[in-house]
Structure formats: C-alpha cells, structure tokens
S.K.: 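Dropping a structure here in structure tokens format, bear with me for questions.
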Amino acid sequence: MGGSDGFSRLTPLQNAALGVSAGTIEIFALQPMLYCKNATQQNLPLSINPKVLYRGVAMSATNMAIITGTQFPLTGEANYPDELAVAAAAVFSYQGLCALFY
C-alpha cells in the first residue's frame, strides 16, 4: 500500500474517470439481473426483450457513475491521513444530499 502499486499514482481526475467507467459497466452488466429480481418480486412475467430488460438503465447508470466517480478520487485522496477527515466529510455530505432528493 505504501505507494508501490500503479493505482496509488493516479491523479484525482484519473480516479474519477475510472470510477465513472466502473460504475457504468457495473450497471449495464447487472441490469438484467435487477430486472429479473424486481419482476419476480412483483409477480410479473419475465421477458428477454432488451427494451424491457434495460428499461431505466440510463438513470441507473447516471446515478452510479456520479457516485463512483466521486468515491474513487476521494478514496485516493484518503491515503493521506491529514486529508482523511475532509474526504469522509465530503462523501457523507454528498450521500446526505442524494438522500434528500431520492
């Protein structure tokens, strides 16, 4: 952890880009499973139609991209002890604001 791996040398902008990419890929990969779970819970028939499977994926991807795009650079900056409190406060403040609008 002491700065010897490649990820510790990423800039905050690179960390943000990596977070946005990871969050977007995650949503597109898991959306069909999320659809199946919700349809099963609501006793709806399952479909393999991509229009149905990926309904709402744009908003889910946007939400996850913003969250992970914020978390990755803050976690990268948290490697420095004096900035840990600032990073934690920023994450909790961001999550609190998101909770107000959800």
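Predicted model only: the values in this text are computed from it and were never measured.
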S.K.: T11: which residues meet the side-chain contact (heavy atoms from CB on, under 4.5 Å) condition with it, sequence neighbours left out?
M.R.: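 Listed in chain order: L13, Q14.
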S.K.: Ignoring hydrogens, what is the shortest heavy-atom contact between Y54 and P32? Give both atom names and the distance.
M.R.: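 That would be OH-CG, 3.4 Å.
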S.K.: Taking all non-hydrogen atoms of both residues into account, name the closest pair between P73 and P12 and its distance.
M.R.: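 That would be CB-O, 3.5 Å.
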S.K.: Report the residues that fulfil side-chain contact (heavy atoms from CB on, under 4.5 Å) with L46, sequence neighbours left out, ordered by chain and then residue number.
M.R.: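 L46: side-chain contact (heavy atoms from CB on, under 4.5 Å) contacts with Y35, C36, A39, T40.
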S.K.: Roughly how far, to the nearest 0.5 Å, is the CG atom of N63 from the CD1 atom of I27?
M.R.: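 One finds 7.5 Å between CD1 of I27 and CG of N63.
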S.K.: Running the 4.5 Å side-chain criterion over Ile, Leu, Val, Met, Phe, Trp and Tyr, what cluster does M33 land in, apart from itself?
M.R.: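 Besides M33, the cluster holds L30.
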S.K.: Listed by chain and number, what are the side-chain contact (heavy atoms from CB on, under 4.5 Å) partners of A65, not counting sequence neighbours?
M.R.: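 For A65 the side-chain contact (heavy atoms from CB on, under 4.5 Å) partners, ignoring immediate neighbours, are V20, T24.
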S.K.: Let me confirm one number: the CD-CG distance from Q71 to N15, rounded to the nearest 0.5 Å.
M.R.: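 The distance works out to 12.0 Å.
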S.K.: Same cluster for F28 and M64 if Ile/Leu/Val/Met/Phe/Trp/Tyr side chains link at under 4.5 Å?
M.R.: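 They do share one cluster, since a chain of ILVMFWY contacts under 4.5 Å joins F28 to M64.
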S.K.: By side-chain contact (heavy atoms from CB on, under 4.5 Å), which residues pair with N49, not counting sequence neighbours?
M.R.: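 Partners of N49 under the side-chain contact (heavy atoms from CB on, under 4.5 Å) test: S47, K51, V52.
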S.K.: Return the CD to CD distance between E26 and Q31, rounded to the nearest 0.5 Å.
M.R.: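 Rounded to the nearest 0.5 Å, the CD-CD separation comes out at 11.0 Å.
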